[in-house]
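Working notes for the structure below.
Please read these numbers as outputs of a predicted model, since none were measured by experiment. Protein chains get the first letters and strands the later ones, always in sequence-line order, with residue 1 at the start of each.
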There are 2 protein chains.
Amino acid sequence: MIQSIERSSAVLRLLAAGPDRLRVKEIADALGLPKSTAHSILRTLEHVGFAEQDPRTARYRLGRGLTELGKAGLDVNELRSRALDWADTLAARSVESVRIGALQSGSARVVHHVFRPDDTTQSMDNGLIIPAHATSLGKVLLAYDAPAADAVARAGLDAYTRRTVTNRRALAGSLGEIRAQGWGGAVEEWEMGRAGIAAPLRTFGGLVVGAIGIYGPVERICDSRQRPRPALVELVCATAQSISRDLTGPRS
Amino acid sequence: MIQSIERSSAVLRLLAAGPDRLRVKEIADALGLPKSTAHSILRTLEHVGFAEQDPRTARYRLGRGLTELGKAGLDVNELRSRALDWADTLAARSVESVRIGALQSGSARVVHHVFRPDDTTQSMDNGLIIPAHATSLGKVLLAYDAPAADAVARAGLDAYTRRTVTNRRALAGSLGEIRAQGWGGAVEEWEMGRAGIAAPLRTFGGLVVGAIGIYGPVERICDSRQRPRPALVELVCATAQSISRDLTGPRS
DNA sequence: GACAACGTGCGACATTGTCGCACGCTCGGC
DNA sequence: GCCGAGCGTGCGACAATGTCGCACGTTGTC
(Lines give C-alpha, C1' and ligand atoms only; values in the text may rest on other atoms or scores of the structure.)
Protein backbone atom coordinates (compact mmCIF):
# COMPACT_ATOMS: atom_id res chain seq x y z
CA MET A 1 0.00 0.00 0.00
CA ILE A 2 1.57 3.24 -1.11
CA GLN A 3 1.89 5.64 1.75
CA SER A 4 2.03 8.90 -0.12
CA ILE A 5 -1.12 8.10 -2.06
CA GLU A 6 -3.00 7.26 1.08
CA ARG A 7 -1.86 10.51 2.56
CA SER A 8 -2.80 12.51 -0.47
CA SER A 9 -6.26 11.00 -0.43
CA ALA A 10 -6.57 12.01 3.19
CA VAL A 11 -5.53 15.54 2.26
CA LEU A 12 -8.17 15.64 -0.44
CA ARG A 13 -10.83 14.43 1.96
CA LEU A 14 -9.73 17.05 4.40
CA LEU A 15 -9.93 19.78 1.81
CA ALA A 16 -13.33 18.53 0.77
CA ALA A 17 -14.63 18.31 4.31
CA GLY A 18 -15.12 21.98 4.87
CA PRO A 19 -15.79 24.91 2.62
CA ASP A 20 -12.94 26.75 4.29
CA ARG A 21 -9.51 26.84 2.78
CA LEU A 22 -6.92 25.14 4.93
CA ARG A 23 -3.43 26.13 5.96
CA VAL A 24 -0.47 23.85 5.58
CA LYS A 25 -0.07 23.66 9.31
CA GLU A 26 -3.69 22.70 9.81
CA ILE A 27 -3.43 19.86 7.35
CA ALA A 28 -0.16 18.71 8.79
CA ASP A 29 -1.61 18.70 12.30
CA ALA A 30 -4.79 16.99 11.24
CA LEU A 31 -2.89 14.11 9.70
CA GLY A 32 -0.03 14.07 12.14
CA LEU A 33 2.55 14.92 9.51
CA PRO A 34 5.55 17.22 9.57
CA LYS A 35 4.93 20.50 7.82
CA SER A 36 7.42 19.69 5.12
CA THR A 37 5.75 16.46 4.19
CA ALA A 38 2.32 18.01 4.07
CA HIS A 39 3.70 20.83 1.99
CA SER A 40 5.30 18.43 -0.41
CA ILE A 41 2.05 16.55 -0.87
CA LEU A 42 0.13 19.77 -1.35
CA ARG A 43 2.60 21.01 -3.91
CA THR A 44 2.17 17.83 -5.87
CA LEU A 45 -1.59 17.91 -5.62
CA GLU A 46 -1.58 21.46 -6.83
CA HIS A 47 0.78 20.47 -9.59
CA VAL A 48 -1.61 17.86 -10.92
CA GLY A 49 -4.58 20.15 -10.50
CA PHE A 50 -6.28 18.38 -7.63
CA ALA A 51 -5.65 21.25 -5.24
CA GLU A 52 -5.28 24.97 -5.59
CA GLN A 53 -3.60 27.54 -3.47
CA ASP A 54 -5.08 30.94 -2.92
CA PRO A 55 -2.19 33.25 -3.83
CA ARG A 56 -3.28 35.81 -1.29
CA THR A 57 -3.89 33.77 1.82
CA ALA A 58 -1.60 30.87 0.85
CA ARG A 59 -4.34 28.49 1.87
CA TYR A 60 -5.35 25.46 -0.06
CA ARG A 61 -8.64 24.27 -1.46
CA LEU A 62 -9.75 21.61 -3.90
CA GLY A 63 -8.64 22.15 -7.46
CA ARG A 64 -10.43 22.11 -10.73
CA GLY A 65 -8.73 18.96 -11.88
CA LEU A 66 -10.90 16.80 -9.70
CA THR A 67 -14.17 17.94 -11.15
CA GLU A 68 -12.78 17.72 -14.64
CA LEU A 69 -11.99 14.08 -14.24
CA GLY A 70 -15.21 13.28 -16.01
CA LYS A 71 -14.27 15.20 -19.11
CA ALA A 72 -11.38 15.04 -21.49
CA GLY A 73 -8.08 15.13 -19.71
CA LEU A 74 -6.33 18.04 -21.34
CA ASP A 75 -7.78 20.81 -23.39
CA VAL A 76 -6.69 20.46 -26.97
CA ASN A 77 -6.18 24.18 -27.27
CA GLU A 78 -3.77 24.17 -24.42
CA LEU A 79 -1.82 21.32 -25.91
CA ARG A 80 -1.66 23.21 -29.17
CA SER A 81 -0.57 26.49 -27.73
CA ARG A 82 2.04 24.89 -25.58
CA ALA A 83 3.53 22.93 -28.41
CA LEU A 84 3.51 25.69 -31.03
CA ASP A 85 7.07 26.87 -30.72
CA TRP A 86 8.49 23.41 -30.43
CA ALA A 87 6.67 22.33 -33.55
CA ASP A 88 8.14 25.23 -35.48
CA THR A 89 11.59 24.38 -34.28
CA LEU A 90 11.15 20.76 -35.24
CA ALA A 91 9.99 21.73 -38.71
CA ALA A 92 13.02 23.95 -39.14
CA ARG A 93 15.50 21.39 -37.95
CA SER A 94 14.06 18.39 -39.73
CA VAL A 95 13.05 20.37 -42.79
CA GLU A 96 9.81 18.45 -42.90
CA SER A 97 6.19 19.22 -42.20
CA VAL A 98 5.12 18.69 -38.61
CA ARG A 99 1.82 17.55 -37.21
CA ILE A 100 0.49 17.38 -33.71
CA GLY A 101 -2.39 15.03 -33.08
CA ALA A 102 -4.70 13.97 -30.31
CA LEU A 103 -7.37 11.37 -29.89
CA GLN A 104 -10.90 12.67 -30.09
CA SER A 105 -13.76 10.27 -29.60
CA GLY A 106 -11.60 7.37 -30.60
CA SER A 107 -10.02 8.70 -33.75
CA ALA A 108 -6.89 10.69 -34.45
CA ARG A 109 -7.24 14.35 -35.22
CA VAL A 110 -4.59 16.80 -36.35
CA VAL A 111 -4.70 19.72 -33.97
CA HIS A 112 -1.71 21.58 -35.36
CA HIS A 113 0.19 21.62 -38.58
CA VAL A 114 3.44 23.29 -39.57
CA PHE A 115 4.37 23.41 -43.23
CA ARG A 116 7.68 22.19 -44.46
CA PRO A 117 9.91 25.27 -44.47
CA ASP A 118 10.81 25.50 -48.15
CA ASP A 119 7.71 23.99 -49.64
CA THR A 120 4.47 25.80 -50.26
CA THR A 121 2.53 23.18 -52.13
CA GLN A 122 0.92 21.67 -49.08
CA SER A 123 -2.56 21.40 -47.75
CA MET A 124 -3.57 22.69 -44.37
CA ASP A 125 -4.30 19.68 -42.25
CA ASN A 126 -5.64 21.41 -39.16
CA GLY A 127 -8.70 19.65 -37.90
CA LEU A 128 -8.23 16.79 -40.31
CA ILE A 129 -9.10 13.37 -39.08
CA ILE A 130 -6.52 10.86 -40.15
CA PRO A 131 -6.66 7.08 -40.06
CA ALA A 132 -5.32 6.06 -36.69
CA HIS A 133 -4.00 2.69 -37.74
CA ALA A 134 -2.24 3.82 -40.89
CA THR A 135 -0.23 6.80 -39.74
CA SER A 136 2.66 7.19 -37.35
CA LEU A 137 0.79 9.88 -35.45
CA GLY A 138 -2.31 7.74 -35.09
CA LYS A 139 -0.48 4.59 -34.16
CA VAL A 140 1.46 6.32 -31.43
CA LEU A 141 -1.78 7.63 -29.99
CA LEU A 142 -3.35 4.20 -30.12
CA ALA A 143 -0.33 2.59 -28.53
CA TYR A 144 -1.11 4.31 -25.25
CA ASP A 145 -4.89 4.08 -25.35
CA ALA A 146 -6.05 0.51 -25.30
CA PRO A 147 -9.80 1.16 -25.53
CA ALA A 148 -9.32 3.39 -28.55
CA ALA A 149 -7.06 0.83 -30.16
CA ASP A 150 -9.69 -1.76 -29.52
CA ALA A 151 -12.44 0.35 -31.01
CA VAL A 152 -10.39 1.10 -34.10
CA ALA A 153 -9.51 -2.53 -34.62
CA ARG A 154 -13.11 -3.54 -34.10
CA ALA A 155 -14.34 -0.96 -36.57
CA GLY A 156 -12.24 -2.54 -39.26
CA LEU A 157 -8.81 -1.70 -40.59
CA ASP A 158 -9.19 -0.21 -44.02
CA ALA A 159 -6.30 -0.62 -46.42
CA TYR A 160 -5.06 2.58 -48.04
CA THR A 161 -1.99 1.11 -49.64
CA ARG A 162 -0.61 -2.35 -49.92
CA ARG A 163 1.53 -1.65 -46.87
CA THR A 164 -1.31 -0.65 -44.59
CA VAL A 165 -1.53 -2.86 -41.52
CA THR A 166 -4.91 -4.52 -41.75
CA ASN A 167 -4.34 -7.47 -39.46
CA ARG A 168 -5.43 -6.84 -35.87
CA ARG A 169 -2.70 -8.99 -34.44
CA ALA A 170 -0.07 -7.26 -36.50
CA LEU A 171 -1.40 -3.89 -35.38
CA ALA A 172 -1.25 -4.94 -31.73
CA GLY A 173 2.34 -6.03 -32.25
CA SER A 174 3.18 -2.75 -33.90
CA LEU A 175 1.69 -0.82 -31.00
CA GLY A 176 3.69 -2.89 -28.54
CA GLU A 177 6.84 -2.12 -30.44
CA ILE A 178 6.00 1.57 -30.32
CA ARG A 179 5.62 1.41 -26.55
CA ALA A 180 8.89 -0.45 -26.26
CA GLN A 181 10.94 2.01 -28.27
CA GLY A 182 9.03 5.15 -27.38
CA TRP A 183 8.30 6.23 -30.91
CA GLY A 184 6.50 5.00 -33.98
CA GLY A 185 7.00 5.06 -37.71
CA ALA A 186 4.78 4.40 -40.68
CA VAL A 187 6.14 3.97 -44.18
CA GLU A 188 3.71 4.16 -47.06
CA GLU A 189 0.89 2.86 -44.92
CA TRP A 190 -1.42 5.70 -45.81
CA GLU A 191 -0.09 7.30 -48.96
CA MET A 192 2.43 5.73 -51.27
CA GLY A 193 5.74 7.51 -51.28
CA ARG A 194 5.19 9.15 -47.91
CA ALA A 195 6.36 8.22 -44.43
CA GLY A 196 6.07 9.54 -40.93
CA ILE A 197 7.78 9.41 -37.56
CA ALA A 198 5.94 10.27 -34.37
CA ALA A 199 6.42 10.25 -30.61
CA PRO A 200 4.04 10.61 -27.66
CA LEU A 201 3.47 13.79 -25.63
CA ARG A 202 3.07 13.11 -21.94
CA THR A 203 1.72 15.00 -18.97
CA PHE A 204 1.93 14.27 -15.29
CA GLY A 205 2.58 10.73 -14.39
CA GLY A 206 3.38 9.83 -17.96
CA LEU A 207 -0.16 10.20 -19.22
CA VAL A 208 -0.15 10.49 -23.01
CA VAL A 209 -2.28 13.39 -24.19
CA GLY A 210 -1.11 13.70 -27.77
CA ALA A 211 1.59 12.98 -30.31
CA ILE A 212 3.90 14.93 -32.54
CA GLY A 213 5.47 13.75 -35.74
CA ILE A 214 6.99 14.62 -39.07
CA TYR A 215 5.62 13.52 -42.40
CA GLY A 216 7.19 13.60 -45.81
CA PRO A 217 8.57 11.74 -48.83
CA VAL A 218 9.97 8.32 -48.08
CA GLU A 219 13.34 9.14 -49.57
CA ARG A 220 13.83 11.96 -47.11
CA ILE A 221 12.29 10.32 -44.03
CA CYS A 222 13.88 6.91 -44.49
CA ASP A 223 17.28 5.53 -45.25
CA SER A 224 18.13 3.22 -48.11
CA ARG A 225 16.52 0.26 -46.35
CA GLN A 226 13.16 1.98 -45.94
CA ARG A 227 13.76 2.43 -42.23
CA PRO A 228 13.21 5.79 -40.53
CA ARG A 229 16.47 7.66 -40.29
CA PRO A 230 17.82 7.49 -36.71
CA ALA A 231 18.75 11.16 -36.78
CA LEU A 232 15.17 12.16 -37.53
CA VAL A 233 13.81 9.76 -34.95
CA GLU A 234 16.09 11.30 -32.40
CA LEU A 235 14.92 14.75 -33.38
CA VAL A 236 11.25 13.88 -33.05
CA CYS A 237 11.75 12.12 -29.72
CA ALA A 238 13.78 14.98 -28.32
CA THR A 239 11.11 17.46 -29.32
CA ALA A 240 8.40 15.31 -27.82
CA GLN A 241 10.33 15.10 -24.60
CA SER A 242 10.82 18.82 -24.52
CA ILE A 243 7.11 19.41 -24.93
CA SER A 244 6.36 16.81 -22.29
CA ARG A 245 8.72 18.54 -19.94
CA ASP A 246 6.88 21.73 -20.73
CA LEU A 247 3.52 20.17 -20.05
CA THR A 248 4.60 18.95 -16.65
CA GLY A 249 6.46 22.11 -15.88
CA PRO A 250 4.65 25.44 -15.46
CA ARG A 251 1.10 25.26 -14.22
CA SER A 252 -1.33 22.91 -15.83
CA MET B 1 7.25 16.62 -6.64
CA ILE B 2 6.04 13.27 -5.44
CA GLN B 3 6.21 10.72 -8.19
CA SER B 4 3.63 8.26 -6.94
CA ILE B 5 1.02 10.95 -6.53
CA GLU B 6 1.58 12.22 -10.03
CA ARG B 7 1.23 8.71 -11.31
CA SER B 8 -1.90 8.06 -9.36
CA SER B 9 -3.46 11.21 -10.73
CA ALA B 10 -2.60 10.02 -14.20
CA VAL B 11 -4.25 6.72 -13.45
CA LEU B 12 -7.37 8.49 -12.28
CA ARG B 13 -7.44 10.62 -15.41
CA LEU B 14 -7.06 7.51 -17.46
CA LEU B 15 -9.89 5.77 -15.68
CA ALA B 16 -12.03 8.84 -16.11
CA ALA B 17 -11.20 9.23 -19.79
CA GLY B 18 -13.33 6.42 -21.06
CA PRO B 19 -16.46 4.71 -19.85
CA ASP B 20 -14.72 1.39 -20.29
CA ARG B 21 -13.08 -0.37 -17.43
CA LEU B 22 -9.37 -0.75 -17.89
CA ARG B 23 -7.03 -3.66 -17.36
CA VAL B 24 -3.88 -3.38 -15.35
CA LYS B 25 -1.79 -4.00 -18.43
CA GLU B 26 -3.54 -1.26 -20.35
CA ILE B 27 -2.92 1.27 -17.63
CA ALA B 28 0.66 0.17 -17.27
CA ASP B 29 1.24 0.48 -20.99
CA ALA B 30 -0.49 3.82 -21.24
CA LEU B 31 1.73 5.32 -18.59
CA GLY B 32 4.85 3.41 -19.44
CA LEU B 33 4.98 1.66 -16.10
CA PRO B 34 5.80 -1.90 -15.14
CA LYS B 35 2.77 -3.99 -14.39
CA SER B 36 3.74 -4.31 -10.76
CA THR B 37 3.95 -0.60 -10.21
CA ALA B 38 0.64 0.05 -11.87
CA HIS B 39 -0.90 -2.71 -9.85
CA SER B 40 0.47 -1.29 -6.65
CA ILE B 41 -0.97 2.12 -7.42
CA LEU B 42 -4.30 0.63 -8.36
CA ARG B 43 -4.45 -1.39 -5.18
CA THR B 44 -3.85 1.73 -3.16
CA LEU B 45 -6.40 3.74 -5.09
CA GLU B 46 -8.92 1.00 -4.55
CA HIS B 47 -7.98 0.90 -0.92
CA VAL B 48 -8.78 4.56 -0.42
CA GLY B 49 -11.94 4.28 -2.48
CA PHE B 50 -10.83 6.25 -5.52
CA ALA B 51 -10.91 3.22 -7.76
CA GLU B 52 -12.88 0.02 -7.85
CA GLN B 53 -12.19 -3.32 -9.35
CA ASP B 54 -14.86 -5.35 -11.01
CA PRO B 55 -14.54 -8.73 -9.27
CA ARG B 56 -15.57 -10.57 -12.39
CA THR B 57 -13.47 -9.02 -15.09
CA ALA B 58 -10.71 -7.79 -12.77
CA ARG B 59 -10.82 -4.47 -14.55
CA TYR B 60 -10.70 -1.15 -12.83
CA ARG B 61 -12.97 1.86 -12.89
CA LEU B 62 -13.37 5.02 -10.86
CA GLY B 63 -14.49 4.49 -7.30
CA ARG B 64 -17.20 5.97 -5.23
CA GLY B 65 -14.79 7.78 -2.96
CA LEU B 66 -14.09 10.44 -5.55
CA THR B 67 -17.67 11.53 -5.94
CA GLU B 68 -18.16 11.47 -2.21
CA LEU B 69 -15.40 13.94 -1.65
CA GLY B 70 -17.96 16.67 -1.44
CA LYS B 71 -19.79 15.06 1.42
CA ALA B 72 -18.72 13.93 4.85
CA GLY B 73 -15.66 11.75 4.71
CA LEU B 74 -16.83 8.68 6.53
CA ASP B 75 -20.33 7.59 7.25
CA VAL B 76 -21.04 7.83 10.95
CA ASN B 77 -22.91 4.58 10.90
CA GLU B 78 -19.96 2.78 9.50
CA LEU B 79 -17.69 4.23 12.12
CA ARG B 80 -20.13 3.14 14.78
CA SER B 81 -20.57 -0.38 13.52
CA ARG B 82 -16.89 -0.88 13.08
CA ALA B 83 -16.05 0.32 16.55
CA LEU B 84 -18.82 -1.49 18.42
CA ASP B 85 -16.89 -4.48 19.61
CA TRP B 86 -13.83 -2.52 20.54
CA ALA B 87 -15.90 -0.13 22.58
CA ASP B 88 -17.42 -2.99 24.53
CA THR B 89 -14.01 -4.43 25.18
CA LEU B 90 -12.70 -1.09 26.34
CA ALA B 91 -15.64 -0.68 28.71
CA ALA B 92 -15.00 -4.11 30.15
CA ARG B 93 -11.30 -3.61 30.63
CA SER B 94 -11.42 -0.09 31.96
CA VAL B 95 -14.63 -0.65 33.90
CA GLU B 96 -15.82 2.73 32.77
CA SER B 97 -18.43 4.03 30.38
CA VAL B 98 -17.22 4.50 26.84
CA ARG B 99 -18.23 7.05 24.25
CA ILE B 100 -17.44 7.38 20.60
CA GLY B 101 -17.83 10.81 19.08
CA ALA B 102 -17.55 12.52 15.75
CA LEU B 103 -17.74 16.07 14.54
CA GLN B 104 -21.00 17.04 12.90
CA SER B 105 -21.40 20.49 11.53
CA GLY B 106 -18.72 21.81 13.82
CA SER B 107 -19.83 20.35 17.11
CA ALA B 108 -19.10 17.09 18.88
CA ARG B 109 -21.78 14.42 18.83
CA VAL B 110 -21.84 11.12 20.67
CA VAL B 111 -22.47 8.44 18.10
CA HIS B 112 -22.09 5.48 20.41
CA HIS B 113 -22.27 4.89 24.11
CA VAL B 114 -21.42 1.86 26.23
CA PHE B 115 -22.53 1.83 29.83
CA ARG B 116 -20.12 1.15 32.61
CA PRO B 117 -20.34 -2.60 33.22
CA ASP B 118 -21.51 -2.68 36.83
CA ASP B 119 -23.48 0.52 36.94
CA THR B 120 -27.01 0.97 35.75
CA THR B 121 -27.71 4.51 36.86
CA GLN B 122 -26.58 6.11 33.65
CA SER B 123 -28.23 8.05 30.91
CA MET B 124 -28.12 7.05 27.29
CA ASP B 125 -25.94 9.57 25.54
CA ASN B 126 -26.43 8.43 21.98
CA GLY B 127 -26.99 11.37 19.72
CA LEU B 128 -26.15 13.80 22.47
CA ILE B 129 -24.26 16.89 21.50
CA ILE B 130 -21.54 17.63 24.00
CA PRO B 131 -19.47 20.78 24.41
CA ALA B 132 -16.44 20.31 22.22
CA HIS B 133 -14.10 22.49 24.24
CA ALA B 134 -14.96 21.09 27.65
CA THR B 135 -14.72 17.34 27.13
CA SER B 136 -11.87 15.02 26.31
CA LEU B 137 -13.80 13.60 23.39
CA GLY B 138 -14.57 17.00 21.97
CA LYS B 139 -11.11 18.39 22.45
CA VAL B 140 -9.51 15.47 20.70
CA LEU B 141 -11.83 15.98 17.75
CA LEU B 142 -11.04 19.68 17.66
CA ALA B 143 -7.32 19.04 17.86
CA TYR B 144 -7.34 17.56 14.40
CA ASP B 145 -9.88 19.86 12.79
CA ALA B 146 -8.65 23.41 12.73
CA PRO B 147 -11.70 25.01 11.12
CA ALA B 148 -14.01 23.42 13.68
CA ALA B 149 -11.73 24.49 16.49
CA ASP B 150 -11.79 27.97 15.10
CA ALA B 151 -15.55 28.03 14.84
CA VAL B 152 -15.97 26.78 18.38
CA ALA B 153 -13.54 29.31 19.76
CA ARG B 154 -15.22 32.05 17.81
CA ALA B 155 -18.64 31.05 19.02
CA GLY B 156 -17.53 31.61 22.57
CA LEU B 157 -16.23 29.21 25.19
CA ASP B 158 -18.91 28.76 27.79
CA ALA B 159 -17.78 27.85 31.29
CA TYR B 160 -19.48 24.81 32.80
CA THR B 161 -17.26 24.54 35.84
CA ARG B 162 -14.48 26.63 37.24
CA ARG B 163 -12.02 24.38 35.43
CA THR B 164 -13.48 24.78 31.98
CA VAL B 165 -10.99 26.21 29.52
CA THR B 166 -12.46 29.49 28.38
CA ASN B 167 -9.36 31.20 27.08
CA ARG B 168 -8.85 30.73 23.36
CA ARG B 169 -5.10 30.71 23.65
CA ALA B 170 -5.22 28.17 26.43
CA LEU B 171 -7.51 26.01 24.34
CA ALA B 172 -5.15 26.20 21.38
CA GLY B 173 -2.30 25.16 23.62
CA SER B 174 -4.32 22.28 24.97
CA LEU B 175 -5.12 21.08 21.46
CA GLY B 176 -1.46 21.27 20.53
CA GLU B 177 -0.59 19.17 23.52
CA ILE B 178 -3.19 16.62 22.51
CA ARG B 179 -1.64 16.37 19.06
CA ALA B 180 1.79 16.01 20.57
CA GLN B 181 0.90 13.16 22.89
CA GLY B 182 -1.79 11.55 20.78
CA TRP B 183 -4.53 11.63 23.39
CA GLY B 184 -6.46 14.13 25.44
CA GLY B 185 -7.85 14.40 28.92
CA ALA B 186 -10.35 16.65 30.59
CA VAL B 187 -10.77 16.79 34.35
CA GLU B 188 -13.88 18.47 35.74
CA GLU B 189 -14.12 20.76 32.76
CA TRP B 190 -17.71 19.88 32.05
CA GLU B 191 -19.13 18.33 35.19
CA MET B 192 -17.56 18.57 38.59
CA GLY B 193 -16.29 15.27 39.85
CA ARG B 194 -16.05 13.71 36.41
CA ALA B 195 -13.15 13.26 34.05
CA GLY B 196 -12.48 11.78 30.64
CA ILE B 197 -9.69 10.39 28.52
CA ALA B 198 -10.00 10.21 24.74
CA ALA B 199 -7.94 9.37 21.66
CA PRO B 200 -8.43 9.94 17.93
CA LEU B 201 -9.68 7.36 15.43
CA ARG B 202 -7.89 7.54 12.13
CA THR B 203 -8.53 6.29 8.61
CA PHE B 204 -6.29 6.22 5.59
CA GLY B 205 -3.45 8.61 5.61
CA GLY B 206 -4.02 9.43 9.25
CA LEU B 207 -7.24 11.31 8.68
CA VAL B 208 -9.12 11.66 11.95
CA VAL B 209 -12.77 10.67 11.60
CA GLY B 210 -13.76 10.34 15.23
CA ALA B 211 -12.65 9.81 18.78
CA ILE B 212 -13.18 7.28 21.51
CA GLY B 213 -12.90 7.87 25.20
CA ILE B 214 -13.88 6.85 28.69
CA TYR B 215 -15.71 9.03 31.14
CA GLY B 216 -16.23 8.62 34.86
CA PRO B 217 -15.60 9.85 38.38
CA VAL B 218 -12.37 11.73 38.88
CA GLU B 219 -11.19 9.42 41.61
CA ARG B 220 -11.32 6.45 39.27
CA ILE B 221 -10.07 8.15 36.10
CA CYS B 222 -7.26 10.11 37.74
CA ASP B 223 -4.49 9.46 40.19
CA SER B 224 -3.89 11.32 43.42
CA ARG B 225 -2.54 14.34 41.58
CA GLN B 226 -5.62 14.75 39.42
CA ARG B 227 -3.79 13.46 36.37
CA PRO B 228 -5.27 10.77 34.13
CA ARG B 229 -3.96 7.38 35.14
CA PRO B 230 -1.31 6.20 32.67
CA ALA B 231 -2.76 2.70 32.62
CA LEU B 232 -6.15 4.00 31.47
CA VAL B 233 -4.54 6.32 28.94
CA GLU B 234 -2.68 3.38 27.54
CA LEU B 235 -5.88 1.39 27.34
CA VAL B 236 -7.76 4.10 25.49
CA CYS B 237 -4.90 4.72 23.08
CA ALA B 238 -4.47 1.04 22.37
CA THR B 239 -8.17 0.68 21.64
CA ALA B 240 -8.13 3.71 19.39
CA GLN B 241 -5.21 2.30 17.48
CA SER B 242 -6.93 -1.02 17.09
CA ILE B 243 -10.01 0.63 15.67
CA SER B 244 -7.86 2.75 13.39
CA ARG B 245 -6.12 -0.35 12.17
CA ASP B 246 -9.54 -1.80 11.53
CA LEU B 247 -10.67 1.25 9.62
CA THR B 248 -7.69 1.12 7.31
CA GLY B 249 -7.81 -2.63 7.04
CA PRO B 250 -10.71 -4.39 5.34
CA ARG B 251 -12.50 -2.47 2.66
CA SER B 252 -13.60 1.04 3.30
C1' DG C 1 6.83 48.08 16.21
C1' DA C 2 8.23 43.45 17.91
C1' DC C 3 7.19 38.83 18.31
C1' DA C 4 5.39 34.62 17.04
C1' DA C 5 3.84 31.62 13.71
C1' DC C 6 3.52 30.43 9.16
C1' DG C 7 4.96 29.01 4.35
C1' DT C 8 8.78 27.64 1.97
C1' DG C 9 13.25 25.47 0.61
C1' DC C 10 17.20 22.58 1.34
C1' DG C 11 19.85 18.56 2.49
C1' DA C 12 20.81 13.82 4.58
C1' DC C 13 19.03 9.82 5.89
C1' DA C 14 16.37 5.72 5.71
C1' DT C 15 12.18 4.31 4.63
C1' DT C 16 9.48 3.31 0.80
C1' DG C 17 8.19 2.69 -3.71
C1' DT C 18 9.90 0.64 -7.67
C1' DC C 19 11.24 -2.96 -10.62
C1' DG C 20 12.17 -7.75 -12.34
C1' DC C 21 10.76 -12.20 -11.96
C1' DA C 22 7.70 -16.16 -11.23
C1' DC C 23 3.47 -18.24 -9.96
C1' DG C 24 -1.64 -19.64 -11.05
C1' DC C 25 -5.28 -18.60 -13.54
C1' DT C 26 -8.45 -17.48 -17.19
C1' DC C 27 -9.46 -16.69 -21.74
C1' DG C 28 -9.05 -17.63 -26.65
C1' DG C 29 -7.67 -20.48 -30.47
C1' DC C 30 -6.60 -24.63 -32.93
C1' DG D 1 -11.16 -30.49 -24.83
C1' DC D 2 -6.60 -29.43 -24.85
C1' DC D 3 -2.86 -26.32 -25.24
C1' DG D 4 -0.76 -21.86 -25.19
C1' DA D 5 -0.50 -17.07 -24.53
C1' DG D 6 -1.44 -13.33 -21.74
C1' DC D 7 -3.15 -11.59 -17.70
C1' DG D 8 -3.52 -10.46 -12.56
C1' DT D 9 -1.13 -11.10 -8.51
C1' DG D 10 2.62 -11.62 -5.05
C1' DC D 11 7.34 -11.58 -3.50
C1' DG D 12 11.95 -9.93 -2.76
C1' DA D 13 16.16 -6.82 -3.39
C1' DC D 14 17.74 -2.73 -4.70
C1' DA D 15 18.17 2.13 -4.92
C1' DA D 16 15.58 5.81 -5.91
C1' DT D 17 12.37 8.41 -3.59
C1' DG D 18 9.77 10.47 -0.06
C1' DT D 19 10.30 11.79 4.50
C1' DC D 20 11.95 14.45 8.20
C1' DG D 21 14.54 18.12 10.79
C1' DC D 22 16.20 22.49 10.46
C1' DA D 23 16.57 27.34 9.01
C1' DC D 24 15.32 31.20 6.22
C1' DG D 25 12.24 35.12 4.99
C1' DT D 26 7.74 36.78 5.41
C1' DT D 27 3.20 37.62 7.02
C1' DG D 28 -0.16 38.50 10.32
C1' DT D 29 -1.13 39.62 15.12
C1' DC D 30 -0.98 41.61 19.64
Original post:
Quick one: the side chain of A:Ser36 and the base of D:dG21, do they pair up donor-acceptor inside 3.5 Å?
Top reply: yes
**OP:** Can you tell me the distance, in whole Å, between the NZ atom of A:Lys25 and the P atom of C:dA4?
**Re:** 15 Å
Original post:
Do A:Ser4 and C:dG17 share a donor-acceptor pair, side chain to base, under 3.5 Å?
Top reply: no
Subject >> Rounded distance in Å - CD1 (A:Ile5) to P (D:dT17) >> reply: 15 Å
Subject >> Rounded distance (nearest 0.5 Å) linking atom CG of B:Leu207 with atom OH of B:Tyr144 >> reply: 12.0 Å
Original post:
Does the side chain of B:Ser40 get closer than 4.0 angstrom to OP1 or OP2 of C:dG17 through an N or O atom?
Top reply: no
**OP:** Specify the residue among A:Gly32 and B:Glu26 whose closest nucleotide of DNA chain D lies further upstream toward the 5′ end.
**Re:** B:Glu26
Original post:
Going by heavy atoms closer than 4.0 Å, what residues in residues 166-175 of chain A are next to DNA chain C?
Top reply: none
Original post:
In whole Å, what is the span from the CG atom of B:Leu22 to the P atom of D:dG8?
Top reply: 10 Å
Original post:
Does some side-chain heavy atom of A:His133 sit less than 4.5 Å from a side-chain heavy atom of A:Thr166?
Top reply: no
Original post:
Are any of B:Tyr60's side-chain N or O atoms less than 4.0 Å away from OP1 or OP2 of D:dC7?
Top reply: no
**OP:** With the side chain counted from C-beta on, respond yes when A:Leu201 and A:Ile100 share a heavy-atom pair under 4.5 Å apart, and no when they do not.
**Re:** yes
**OP:** Can you see which heavy atom on A:Ala143 is nearest to which on A:Arg179, and at what distance?
**Re:** O-NH1, 2.8 Å
Subject >> Separation of B:Arg59 CZ from B:Arg23 CZ (nearest 0.5 Å) >> reply: 4.5 Å
**OP:** Name the residue closer to the 5' end of DNA chain C, choosing between A:Val24 and B:Thr37 according to the nucleotide with the nearest heavy atom.
**Re:** A:Val24
**OP:** Find out whether the Lys NZ or Arg CZ of A:Arg13 is both under 6.0 angstrom from the six-membered ring centre of B:Phe204 and within 45° of the ring's axis.
**Re:** no
Subject >> Rounded interatomic separation in angstrom, taking CD from B:Glu46 and P from D:dG8 >> reply: 13 Å
**OP:** Considering just the side-chain nitrogens and oxygens of A:Arg43, establish if one lies under 4.0 Å of OP1 or OP2 belonging to C:dT8.
**Re:** no
**OP:** Using whole Å, report how far CD1 of A:Ile2 lies from C1' of C:dT15.
**Re:** 14 Å
Subject >> Closest to side chain of B:Lys35, choosing from C:dG7, D:dT19, C:dA22 >> reply: C:dA22
Original post:
Over how many whole Å does the gap from B:His39 atom NE2 to D:dG10 atom P extend?
Top reply: 6 Å
Subject >> Minimum-distance nucleotide to B:Ala58 side chain [options: C:dC6, D:dC20, D:dG8] >> reply: D:dG8
Subject >> B:Trp86 atom CH2, over 12 foreign heavy atoms within 6.0 Å >> reply: no
**OP:** Tell me what A:Gln53 touches on the nucleic acid: a base, only sugar-phosphate, or nothing, going by heavy atoms under 4.0 Å.
**Re:** sugar-phosphate
Original post:
Should the pair B:Tyr160 and B:Trp190 be assigned to parallel (<30°), tilted (30 to 60°) or perpendicular (>60°) ring geometry?
Top reply: perpendicular
Original post:
Picking from D:dG18, C:dG20, D:dC20, which would you name as closest to the side chain of B:Gln3?
Top reply: D:dG18
**OP:** May I ask you to say what B:Arg7 touches in the nucleic acid, namely base, sugar-phosphate or nothing, with a heavy-atom cut-off under 4.0 Å?
**Re:** sugar-phosphate
Subject >> Earlier contact from the 5' end, DNA chain C, for A:Arg59 and B:Arg56 >> reply: A:Arg59
**OP:** Quickly work out the B:Arg21 CZ to D:dG8 P distance and round it to whole Å.
**Re:** 15 Å
**OP:** Whole angstrom is fine here: how far is it from CG in B:Leu33 over to C1' in C:dT18?
**Re:** 10 Å
